[in-house]
Amino acid sequence: MKGLVVLFPVLFLFLGSFFGDAAAAQGSKNGVYIVYMGAAASGKGSLRDDHAQLLASMLKWKKNSIIRSYKHGFSGFAARLSAEEAHALSKKPGVVSIFPDPVLQLHTTRSWDFLKIQTDVLIDSVPSPSLNSQDQESDTIIGILDTGVWPESESFNDKDMGPIPTRWKGTCNAGNDNVSFSCNRKIIGARFYDIEDDVVANGQSPRDMVGHGTHVASTAAGQAVQGASYYGLAAGTAIGGSPGSRIAVYRVCSPEYGCTGSNILAAFDDAIADGVDVLSLSLGGSAGIVRPLTDDPIALGAFHAVEHGITVVCSAGNDGPSSGSVVNFAPWIFTVAASTIDRDFESDIVLGGNKVIKGESINFSNLQKSPVYPLIYAKSAKKDDANENAARNCDLDSLAGALVKGKIVLCDNDDDMGSVVDKKDGVKSLGGVGVIVIDDQSRAVASSYGTFPLTVISSKEAAEILAYINSKRNPVATILPTVSVTKYKPAPAIAYFSARGPSPLTRNILKPDITAPGVNILAAWMGNDTGEAPEGKEPPLFNVISGTSMSCPHISGVVAAIKHQNPTFSPSEIKSAVMTTATQTNNLRAPITTNSGAAATPYDFGAGEVSTTASLQPGLVYETTTLDYLNFLCYYGYDLSKIKMIATTIPKDFACPKDSGVDSISNINYPSIAVSSFDGKEGRTISRTVTNVAGNNETIYTVAVDAPQGLNVKVIPEELQFTKSGQKLSYQVTFTSALSPLKEDVFGSITWSNGKYKVRSLFVVSSKSSKSY
């Protein structure tokens, strides 16, 4: 896909430069290795003997080499080592893995209203409380691992909030910003992590100097702020998914060092001890880099957090629409894709004769509304010595100033040689008065270009403009300033950048798990961002940005609301509640599509679009137990001795099943079903167990199967008769087919219903010939 620099010119140019190549280069040079030693000691805050001995020898051997020590949720440390020293340490007793400190990247309020509308219109569910009408005193604690927070934002006021929960054990460490940075009853904790002791002064604080963390935190749990907008656009009330929840901030990312694995693990370790209920991470690796689970800081931290009853929600990544691009794919992580909402930021083009062409962007154009500006296709403004392909793409130094000055320029965007911002700056420097960019992918995602008139159109719309240009001797046009359009259809649609399945880890777990709004999301912003402000305007208090970074906190807010209403639910039961109540239809009452209009599949949206109401009362849940995760590690190939080191709680008589193999992963009690290497003649039988959580003492659920043509699906038994709340019952699903192998991966669903609740599990079946990632 094209880099997200094209999508979000201000924020993601910054993130690309500071959290991308520069940070990656720093990460490869700093000589930091993470030494992971598995479960923590049972004693609170104490070190395991082998951990303590290794640390002591390290301090004697290489004084000042230790950067981090992990002891609350798991054991280990981060240290500066040579490759040879790291290899030697890997042989020491108690060491599970040792790996270079990776640098991860950020995956960067109409959205909540839209989810509620989707639920009310499309989901046949029982009446249930609205997400935002939950008791203000929810006291659920959401930990945000990100770039920090801007605490002065009105989204984080603590009006009408009660005392901080007594179970909270964290701290508010303002660092060198202790004069202006303070916590309250909303932001109840703040920590920051830096690689160096002598980082620049601005870094030693949990204050957000990027904006990303503030946006994420307010999306998840921001208080209601009336009159919020981005300079008048998207005006309304900005509110988080769980406004009654408390926020704990862990700044793990910085412009100097990116989002390092050692910092992320330190935040996980602290958050487990602090007492959070939910952890939200809008960051991760890049597609194509598949680390072993024991070398993946997010997978490791999440495993131990889930062991301690904390639900971990992560973004799926922004490397879509390529197949197999999803990240954060460990089964204990709740992985979130991104979809659109029914709001569009429309910046239209008016051609001569007042023909209107719809475009997408955020700009505050001051051009005349009448089409009086000369319009030219960039190819026609080519410099004599320039390449024609470069010229039509408005690449640097390819256009003749005399032909561009005073004109609106139509640019292609298909050579990946520069961002939309580069095209804008190039045309502007030559005296051009506006730019129209042709880009089918980013047409549905609004970027902000300040006061400069720029809009993005599709190739279909471009054909109309080119036909007009070619038919007129003196074509003219204008670009109108952006207006917000609501009730846009169809929505949701899967965003083009949203990372796709199947999981590169294993095809026997369906990833992503769910989708949520992640396009054109309005939320709080840091208060000093003059770079984001249009000319002559004050810095914005709210901003509109896109990414799976934005969809992730939507789910975190829903998770917090479910935890408040169902405090005994485990992380996997909460995940199940969200997944089995999701919808797969849009506001046209048709199946959800991708941004291109093609039918979306579970590889795009997981279980579907989250329902903010049905998920609060799911009826039945699938509990993925610790034993399931241990078996997963067995099936994936980890030996028993290493598994026993990793897990905090493990049955005394636990042993890996004799028939361990990757195909057995399909049998862990996950809310969706994925079967790989399918041989239709041999068939495959999968087991699942559901728990009655509806409070009904006696109820009967019957099954309905939606199977694709050519696949036979049989469920035994066809009825589940519960006699009490909390009861568990199991069923088996047998897949067979006369087609062997299947021509393509196929999808379907199994739905259990008692007339009051519908509990849907999507499935995917892939053949032996399907591509492995």
Side-chain angles (χ1 to χ4, degrees), residues 1-8 12 16 105-108 282 284-290 314-329 335-341 360 412-416 419-420 437-447 456-460 490-505 507 510-521 545-552 584 586 590-609 674 744-747 762 764 766 770-773:
M1 59 160 271
K2 295 184 179 112
L4 283 187
V5 167
V6 175
L7 288 181
F8 321 124
F12 282 91
Q105 61 189 14
L106 299 171
H107 292 151
T108 209
S282 290
S286 299
I289 301 175
V290 183
C314 294
S315 48
N318 290 344
D319 289 321
S322 300
S323 181
S325 54
V326 64
V327 299
N328 294 326
F329 37 61
T335 312
V336 189
S339 46
T340 63
I341 61 174
E360 175 97 5
D412 286 304
N413 188 34
D414 57 18
D415 66 352
D416 292 326
S419 71
V420 172
V437 175
I438 306 167
D439 192 321
D440 288 323
Q441 289 188 329
S442 60
R443 168 63 177 82
V445 180
S447 300
V456 181
I457 61 173
S458 69
S459 55
K460 180 180 178 181
I494 303 303
Y496 84 83
F497 57 78
S498 184
R500 307 303 212 265
S503 168
L505 182 71
R507 279 181 171 266
L510 177 60
K511 290 287 181 171
D513 291 308
I514 197 76
T515 192
V519 177
N520 301 341
I521 304 302
I545 58 176
S546 302
T548 53
S549 278
M550 284 64 254
S551 58
C552 172
Q584 297 82 41
N586 61 26
I592 293 174
T593 64
T594 67
N595 66 291
S596 68
T601 75
Y603 285 156
D604 303 311
F605 55 58
E609 176 97 346
E744 59 184 0
D745 295 3
V746 294
F747 308 92
L762 298 190
V764 56
S766 57
S770 293
K771 180 181 176 182
S772 298
Y773 293 90

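Residue numbers count from 1 along this sequence. As the structure is a prediction and not an experimental result, all values here were calculated from the model.
- Summarising the geometry of C552 relative to S282, their closest heavy-atom pair is CB-OG, 3.5 Å, with the distance given to 0.1 Å.
- Note that the CD atom of Q584 and the CG atom of D604 stand 12.5 Å from one another [nearest 0.5 Å].
- With S551 contributing its side chain and P517 its backbone, the two residues share no donor-acceptor pair below 3.5 Å.
- Checked by atom type and distance alone, the side chain of S766 never pairs as donor or acceptor with a backbone atom of D745 at under 3.5 Å.
- Pairing each heavy atom of G547 with each of A338, the nearest pair is O-CB, 4.2 Å.
- Side-chain contact between K511 and L505 is absent, with no heavy atoms from C-beta onward closer than 4.5 Å.
- Taking each heavy atom of V327 and G285 in turn, the nearest pair found is CG1-O, 3.7 Å.
- The two residues L762 and P602 make their nearest non-hydrogen contact at CD1-CG, 3.8 Å.
- Considering only heavy atoms from C-beta on, F497 comes within 4.5 Å of S546 through its side chain.
- Contacts of S458 classified as side chain to side chain donor-acceptor pair (under 3.5 Å), with partners at least two apart in sequence or in another chain: E461.
- Put simply, the side chain of V326 reaches to within 4.5 Å of the side chain of P504, judged on heavy atoms.
- In this structure, the separation between CG on N318 and CG on L106 is 10.0 Å, given to the nearest 0.5 Å.
- S286 places a side-chain heavy atom less than 4.5 Å from the side chain of D319.
- Here the straight-line distance linking atom OG of S323 with atom OH of Y603 works out to 7.5 Å at 0.5 Å rounding.
- I494 is listed as a side-chain neighbour of R500, based on a closest heavy-atom distance under 4.5 Å.
- Residues A499 and A316 come closest through the heavy atom pair CB-O, 3.2 Å.
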>> Assess the residue pair Y496 and D439 against the criterion (side chain to side chain contact (heavy atoms under 4.5 Å, CB included)); give the C-alpha distance rounded to whole Å, side-chain angles, the decisive distance to 0.1 Å, and a yes or no.
In response: CA-CA 12 Å; Y496 84 83; D439 192 321; 5.9 Å; no
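- In this model, no donor atom of one side chain and acceptor atom of the other lie less than 3.5 Å apart for N328 and T335.
- To the nearest 0.5 angstrom, S459 atom OG is 11.0 Å from R443 atom CZ.
- For the pair N520 and I341, the minimum side-chain heavy-atom distance is 4.5 Å or more.
- With sequence neighbours excluded, no residue forms a side chain to side chain donor-acceptor pair (under 3.5 Å) with N595.
- The side-chain heavy atoms of L510 and F747, taken from C-beta on, include no pair separated by under 4.5 Å.
- Using a 4.5 Å heavy-atom threshold, the side chains of P492 and I592 count as touching.
- A donor-acceptor pair under 3.5 Å is absent between the side-chain atoms of T340 and the main chain of V519, judged by distance alone.
- E609 and I514 get closest at one heavy-atom pair: C-CD1, 4.5 Å.
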